[in-house]
Amino acid sequence: MADMPSGESCTSPLELFNSIAAQGELVRSLKAGNAPKDEIDSAVKMLLSLKMSYKAAMGEDYKADCPPGNPAVGNDSDPNATKASEDFVDPWTVRTSSAKGIDYDKLIVQFGSSKIDKELINRIERATGQRPHRFLRRGIFFSHRDMNQVLDAYENKKPFYLYTGRGPSSEAMHLGHLVPFIFTKWLQDVFNVPLVIQMSDDEKYLWKDLTLEQAYSYTLENAKDIIACGFDINKTFIFSDLEFMGQSPGFYKNVVKIQKHVTFNQVKGIFGFTDSDCIGKISFPAVQAAPSFSNSFPKIFRDRTDIQCLIPCAIDQDPYFRMTRDVAPRIGHPKPALLHSTFFPALQGAQTKMSASDPNSSIFLTDTAKQIKSKVNKHAFSGGRDTVEEHRQFGGNCEVDVSFMYLTFFLEDDDKLEQIRKDYTSGAMLTGELKKTLIDVLQPLVAEHQARRKEVTEETVKEFMTPRQLSFHFQCFCFDI
């Protein structure tokens with residue numbers, strides 16, 4: 001076990017803050033594992049020393065949900081501190097200094113989207129006749145563009161279709177990657193509409209140190225996990241950019257049209273490209289935009305150009321579709337509508353980023369029950385107090401606790417989730433008990449996914465990825481397919 005640095009060795013308040021958080025996790029882990037008393041006492045002593053150093057440096061006590069540079073709400077005395085705490089989101093980088101994660105209300109204002117409010121959720125429920133998905137009920141999908149327009153079309157028996165995607169950067173997907181697919185499957189089921197899923201293996205070849213063969217092999221492996229989510233093969237087309245672009249003139253023609261209507265200065269402004277980036281990166285946004293237009297898929301929609309697209313995705317992908325929505329009317333297509341999700345936090349906390357190169361940053365779909373238990377117990381950032389006595393007295397903080405965050409994604413029972421929140425916040429439930437609850441939810445979820453994935457054959461993948469007519473029923477929308 002590596003020694004924790006002392007307070008004196010931390011060169012900045014943020015490093016000291018992170019050291020306290022890590023040492024607190026160590027103390028909780030030692031206690032949960034019934035470590036020897038002298039080892040626990042030593043770790044607690046180090047934790048107290050770090051907290052004293054933090055107070056000496058900052059002039060205030062350490063607070064788990066208030067990192068330096070992220071002042072408490074209402075404290076606007078230091079404009080520079082406020083600026084330092086601003087969130088940053090683009091398709092490749094998500095950065096925040098808050099242990100609570102990104103401020104999504106501010107992001108809605110920054111991106112110019114609309115909040116998914118109770119009125120819209122109620123309208124979706126009325127239109128579908130189905131209880132809203134837990135991702136809607138709990139604000140995991142929180143923002144939209146033109147969803148009311150999609151509902152107008154649906155209520156007037158006009159067609160729309162779904163489009164989402166995956167950038168296959170590694171062979172194994174993690175729980176966070178499942179979020180858009182779980183929700184997209186629900187949308188497909190309740191609206192009974194066709195779905196296209198883009199595997200942007202070309203993007204990963206351009207951005208990552210991969211060969212074309214590796215990128216395409218990751219597409220095939222990731223497609224098995226996506227299919228295992230339960231999509232209807234008769235209504236779903238999965239395609240690889242590397243493969244499909246050469247097979248579909250309609251798709252490539254739309255790519256070229258988009259490229260003609262977006263300037264180099266625009267893509268530099270939107271995506272932050274520099275003169276050192278390869279020209280493939282600069283042209284790629286047009287490839288991600290093209291599936292938003294129905295005649296990119298002539299086998300499915302023939303030459304129809306007027307069918308609106310609805311895109312469920314994480315909000316970091318919104319810059320691509322702001323560009324797409326700007327171009328759409330200029331090339332004769334409706335603007336795509338969007339539903340935006342929040343970000344799935346790394347095990348180490350909402351401030352950190354999940355990484356395929358760090359197997360401990362998330363729960364992967366290949367993990368065993370034992371690995372899931374170990375990762376949650378050792379690495380899931382806790383909002384609990386440093387001692388049982390403190391926790392019983394003051395309670396835990398669900399807003400920064402990763403185990404509770406994960407339960408909001410994957411525990412279906414609203415009443416049970418609310419009871420857990422109350423018990424943990426009051427101190428009636430301890431961190432170890434909360435982590436055990438999460439483990440009990442995740443182990444069967446991942447095991448069931450693995451069982452379904454085993455049933456997905458190479459032939460099944462090939463069938464999903466073959467351009468073909470889909471058997472959805474647009475005739476009820478006055479559209480003869």
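Numbers for residues simply follow the sequence, beginning at 1. From a predicted model like this one, the values you see are computed outputs, not experimental measurements.
Judged purely by distance below 3.5 Å, without hydrogens or angles, the side chains of E203 and Q288 never pair a donor atom with an acceptor atom. Between the side chains of T431 and S382, a donor-acceptor pair is found at a separation under 3.5 Å.
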Do L187 and H133 pass the side-chain contact (heavy atoms from CB on, under 4.5 Å) test, and can you show the C-alpha distance, the side-chain angles, and the key distance before you say yes or no?
CA-CA 9 Å; L187 290 170; H133 194 276; over 6 Å; no
Show your reasoning for whether side-chain contact (heavy atoms from CB on, under 4.5 Å) applies to K115 and F142.
CA-CA 6 Å; K115 188 177 180 67; F142 71 101; 5.5 Å; no
Hey, mind stepping through F409 and T342 against side-chain contact (heavy atoms from CB on, under 4.5 Å) and telling me if it holds?
CA-CA 10 Å; F409 280 85; T342 59; 3.9 Å; yes
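The environment of NZ in K436 is sparse: at most 12 heavy-atom neighbours from other residues, nucleotides or ligands sit within 6.0 Å.
Between F183 and F141, the gap from one ring centroid to the other is short of 6.0 Å.
Here the straight-line distance linking atom CZ of F321 with atom CD1 of I311 works out to 4.0 Å at 0.5 Å rounding. We find the CD1-CG distance between I227 and D232 to be 12.0 Å, quoted to the nearest 0.5 Å.
When all heavy atoms are compared, the tightest approach of V150 to Q308 is CG2-OE1, 3.9 Å. Of all non-hydrogen atoms in S294 and Y161, the two that sit nearest each other are N-OH, 3.3 Å. The shortest heavy-atom contact between H261 and Q266 is O-OE1, 3.8 Å.
A salt bridge is absent between R452 and E455: the closest approach of a Lys/Arg side-chain nitrogen to an acidic carboxylate oxygen does not fall below 4.0 angstrom. Ion pairing between R123 and D152 holds under the 4.0 Å rule for side-chain N and carboxylate O.
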